[in-house]
Structure formats: structure tokens, C-alpha cells
Enquirer: 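Shown below is the structure under consideration.
Just so it is clear: chains get the letters A, B, ... in the order the sequence lines come, proteins before strands, and each one is counted from 1.
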Amino acid sequence: MGNMARRNDEVEALLQEYADLLSITGGDAFKVRAYERAARAVGGHHEDVSTLDAKRLRAVPGVGRSIADKVAEYFRTGTIRSLEEVRARIPAGVRELMAIPTLGPRKAALLYHDLGISSVEELVDAIHEERLRDLKGFGPKTEENILHGVALLRQAGGRVPLDDAWELAAEIVAELSGVSGCLRCVHAGSLRRFRETIGDLDILAAADDSAPLMDAFTRLPLVAEVIARGAKKTSVRTTKGFQVDLRVVPVQAWGAALQYFTGSKEHNVRIRERAVHAGLKLSEYGLFDAESGELVVSETEEEVYARLGLPWIPPPLREDRGEVEAALRGELPELVTEEDIRGDLHTHTDLTDGVSTLEDMVGAAAGRGHEYFAVTDHAPNLPMVRMSDEKMLAQRERLRAVAGEYPALTLLHGTELNIDPEGEVDWPEDFLATFDVCVASIHSHFTLSGKDTTRRLLRACENPCVNIIGHPTTRLLGRRDAIDADLGEVFRACARTGTALEINSAPDRLDLRDEDILHARRYGVKFAINTDAHSVRSLDVLRYGVGTAQRGWLTADEVINTWPLGRLREFLRKGR
DNA sequence: GCCGTTTTCGGCCCGACTGTTTTCAGTCG
């Protein structure tokens, strides 16, 4: 799976790059869109595109003769000639300008052609030197927006999205686990704790002799540079500029090392304090008697915690947010797990902006062992999707038709509504009431005042047909701030009206985020952990939503899509 | 560049918002 995903991802990235470069050069907008569409389709495709012959490649929606040829050329030669040609004309830094929110291909092209700007740094310098002032279409507000966008980008501080880190870790762990003499290998660090972005990736392995593991590690194809190489620790930088540390420990020290390298630093400080008070000393090598220096325990994390008078603490809780105190009181939450999730309540198909068909999405849901599955395509007020009542009803018929093939899976017909500035949604109540489930989300007017946004969300909660507030803060990691709202008021309204808050699992959203979940659960709110999947493959993101929910201390009972269908349906009736 | 119970051309995702203009270009969802 990991490997297959990467081949498709490679092609998706290349086609998207080609689309971006075409748009910068002012190429035909429809051609640009064709490449973007093909990129998304390949990225979301369920088969490994490197294994497909020409005919089956062209069966991927949006892939025709020309793009199929380019994909084949890439797998045959390792490059795409036409991409190389356009790369030679446009520096990579110009494309990187497009990562700045509010800065698209036209402005990037203008900045490059008129001022020779080809990096974010040069752009920031140029703004401070007031060199943008004479540029057509650029005013003071544009400068301000660019600087804010750059600040958002830099907030991520070189950190990597959770899914990128996860996939990289999975690949490295799989590779190293096969090395002779490797007794254990896992990822640790902030990835094990499911933080929303990852700084450095920490891989931990156990072996008697570390040399074969270190050799294999430094020889991985994705390694661009070996930063440090030792017997216990080796650090590399990947071709994408990401630092990965491998630590190899004797298997006897596994538990102590895993505990130490999982962090967080703040959690470990608390744990070591407890050790000191008990006359012990904790390090990555084990728990030792402070006086005699004799090893007490080190083989498993459970033993280490137990010897300190604590139950094992799940990694997502290890942030020094009261988990040690809760553990001491015997009040650690029994965290929701991916296995607890019985179904997804927010997904899309190619009827709107998804890339997989309804049949493929449903088949994949059945394959995952879901008990229920909601298809919730976009409602008409999102103009790009050109939705209509007729299309929705036709989809409902199609859903009914496919349902017969999966007797163990209950299909729910839903929609993702748009909450307008007044808090109203797309359809009147009588039509909404015909859906099994309605998600309602903000997709426009992100910059209303806090007061107006709060009122807007409250109004949506009070709609008797709105079951779930989708991606409640609408933030995009590294791209868009959370909306300004009095979340306490919103959470109170959700609890009162029987409206669930979504934990959107998309790695660039993770919305609600962990702190907001901790806040919201104090109001007795219910949650829904959804994928918002736009393809079969993106159904996999569920783990990130569950990890985020765990960081928010959620138990299965607080999450409506862990419930049996009957209890879920009762909740979705919302007292109607 | 893709696609076709419109089949080899002529459409294709469209409307709103923002900031810049002085009638509109660029970006976004």
C-alpha cells in the first residue's frame, strides 16, 4: 500500500507541477485544468498507475492520450521531456510563490518577469524595499496580504504535514524491519503522539549490532544527505529536506528508549520528576536506582510507567496537559480508536468535486468493514459544483441501487450544506428532511467579525436538519487562519441542540484541533470523526482524525459514528 | 488536454469576493 501510494503520488505531483508551470506561463486555462484534474484523479486512483498499461491508464478519468504518454514516459525514462522544458524556463522558486495564499500564477509570473523575483525571501525583501509599489495590480493591501500569507507559511516552520511524515515513516520502518538483526522498529516522537505537524521524524530500532541498520538507513534512496553517523544515532536529510533520526538500542532498553523518544519533552520532565521523588533515575537506557545505579526496569513502556506508580499512558495524551494527574487518580480516558469507528459521515464523489465514483467509494467503505457510510456531496450554494435538486435525487436512487450489493453496509444519503453569512443553508427544511444526515460547513465569508461568525454558527446549529458542523473553524494548516468566533458559545449551542462537531481528518485541516476538542467536550458536545474523503484513497486519513480526537481525550461514547446505527439515527433525528 | 446517447469539434466549473481600478483582473472554493 505504502509503495503503491507513492508511485501515484509522484505522478500526481508531476502533473500538478506541470499545471502550475503552464498557468505561470499563461498557458490555456482549460489545458491547465485538464492537468490538474488528471493529477487529482491519479492521486486518488485505487490502482498503482505504474502497473497500468496504456489502455487502462487512459481509463483513469481525465487521463487521455497525451497525459497517458507522459506518465508512461516518466516510468520508462524517469523524466517527462515537456515538463523539463518548462522547468528550464521557470525557476522552481517562482512556483513556490504560489504557495502564498492570495498569490496565484498571474501575480507570480508578473513578479518574476518584472522584478526577477524567484523566491519567497526575495519577495519579502522586495516588499520591504517598496519595489512592488509600481507594479500594476499591486497596492498596499496586496503587500499586507502577501506578508500575512508568508507568516502563515512560516508558522509551519519547516514542519511537515502529518500524512507526509506518516507515509515516510511507514516506508522507512518497513525497509529497516527487513534488515537482518533488526529485532524491532517503530516510529516515535511527535508522529507517535499524532501532533498535527511533525518537525523531525524519529525512528527507533532494537538490535544487538547497530551497524547493518545504520548502513541500510543511510543507503535508502530517499536519503539526500547524511548529517551525522554514529553507532547509536544516525541523522539524515531526505530529498525533500526532511530530517530523520534513527536510534538503535539494545532490546533490553526498548521500553525506556521508546518512552524517552516519544516525548513530549514536557511529559518526560514530569515523569522524570516522579522518578527522582521515588529515588530513581530515568533515561533512555532505563529506570535506575539513583544510589546504586542498578537497572530497575527498561524492557517495556508499561513496566517503566508501572514502576513509577502509573498506568501506561497513550502517546497522544503525553503533552503534560494533566495526563499524569489523571493517571494517578485512575481517571485516564479510554480513548476512541480507529476500530471503534463504525462509519464515515462526510464523504464526496465525482458528482461534485470528488474523483471517485459513488460505486467505488461505497465498495471501499464496505471493504473497510464499515457498518454505515454517508455520501454527502456538496449543495448548490457552492457554485463550482453545479448541484441541483434533480442531481441529488438521482444520486439517491443510485445509492439505493448499489445498496443491494452490500447487505452488511447501511448507506446513508446526505449532503454538505453551505452556511451562508446569516447562518442559513442551501435548501428549505422540507427538502433537507429527506436526507439521512446533513453536514453544514462554512465555505465563504471567512472574515466576518467574531460576533457575526458566532451568530452565524449558532443559527446553523438551531436548524433542525443540521446534524454536524463540518470543519468548524475552517482553518487550513499553513494557508488560512481559523475563523474568529466565540467557540464556547458555539459549543454550548451544539450541546443544547444536539448538533455534533466534526473532527475533520483531512491532514491539512484537522479541524477541530486538539485544544478545541478539549474545550468542547467540557460542554458535553458530541463529535463525528469524518474523512471528508474526495477519493477512495483519502478514506485512509481517518487515522489522523482519530489521533487528533485522542489528543483531545475523547472516548468512543462521545463520538457519534462509533455508535450502533439505531442510536446514531436517533441522534440524527435531532428531536424532530 | 479531455471528452462525446452532442462523437473528431467545441465545449469545458462558475460565482463571489478583494483590491485594484475607474471597469476589471486575480484568486478562491
Enquirer: Can you name the residues that form a salt bridge (charged side-chain N to carboxylate O under 4.0 Å, His left out) with A:Glu73, not counting sequence neighbours?
Expert: none
Enquirer: Which parts of nucleotides 1-6 of chain B does protein reach within less than 4.0 Å, heavy atoms only, written one letter per nucleotide 5' to 3' as B for base, S for sugar-phosphate only and - for none?
Expert: BSS---
Enquirer: OP1 or OP2 of B:dC28 versus the side-chain N and O atoms of A:Arg479: is any pair under 4.0 Å?
Expert: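 Indeed, a polar side-chain atom of A:Arg479 lies that close.
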Enquirer: Using a cut-off of 4.0 Å between protein heavy atoms and nucleotide atoms, how would you tag nucleotides 18-25 of chain B 5' to 3' with B, S and -?
Expert: SSS-----
Enquirer: Can you list the residues that meet the ring pair (Phe, Tyr, Trp, His ring centres under 6.0 Å) rule with A:Phe571, with sequence neighbours excluded?
Expert: A:Trp563
Enquirer: Under the rule for ring pair (Phe, Tyr, Trp, His ring centres under 6.0 Å), what residues qualify as partners of A:His519, not counting sequence neighbours?
Expert: A:Phe491, A:Tyr523
Enquirer: Kindly write out the residues that satisfy ring pair (Phe, Tyr, Trp, His ring centres under 6.0 Å) with A:Phe194, not counting sequence neighbours, or none if the list is empty.
Expert: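 Scan of A:Phe194 (ring pair (Phe, Tyr, Trp, His ring centres under 6.0 Å), adjacent residues dropped) gives A:Trp166.
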Enquirer: Hey, can you pull the residues of residues 344-357 of chain A with a non-hydrogen atom under 4.0 angstrom from DNA chain B?
Expert: none
Enquirer: Whole-Å distance between B:dG29 P and A:Ile419 CD1?
Expert: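 Going from CD1 in A:Ile419 over to P in B:dG29 covers 16 Å.
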Enquirer: Which one is paired to B:dC28, where only Watson-Crick or G-U wobble pairs with both distances under 3.5 angstrom count?
Expert: B:dG15
Enquirer: Which residues pass the salt bridge (charged side-chain N to carboxylate O under 4.0 Å, His left out) test with A:Arg95, sequence neighbours left out?
Expert: A:Asp20
Enquirer: Holding to ring pair (Phe, Tyr, Trp, His ring centres under 6.0 Å), I want the full list of residues that pass it with A:His378, two or more places apart in sequence or in another chain.
Expert: A:His348, A:His443
Enquirer: Who passes side chain to side chain contact (heavy atoms under 4.5 Å, CB included) against A:Asp514, sequence neighbours left out?
Expert: A:Arg321, A:Arg551
Enquirer: Suppose we screen for side chain to side chain contact (heavy atoms under 4.5 Å, CB included). Which residues come up paired with A:Arg455, at least two apart in sequence or across chains?
Expert: A:Asp452
Enquirer: Which residues pass the salt bridge (charged side-chain N to carboxylate O under 4.0 Å, His left out) test with A:Arg400, sequence neighbours left out?
Expert: none
Enquirer: Pick the P atom in B:dT7 and in B:dG19, then give their distance to the nearest Å.
Expert: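 Straight-line distance between the two P atoms is 46 Å.
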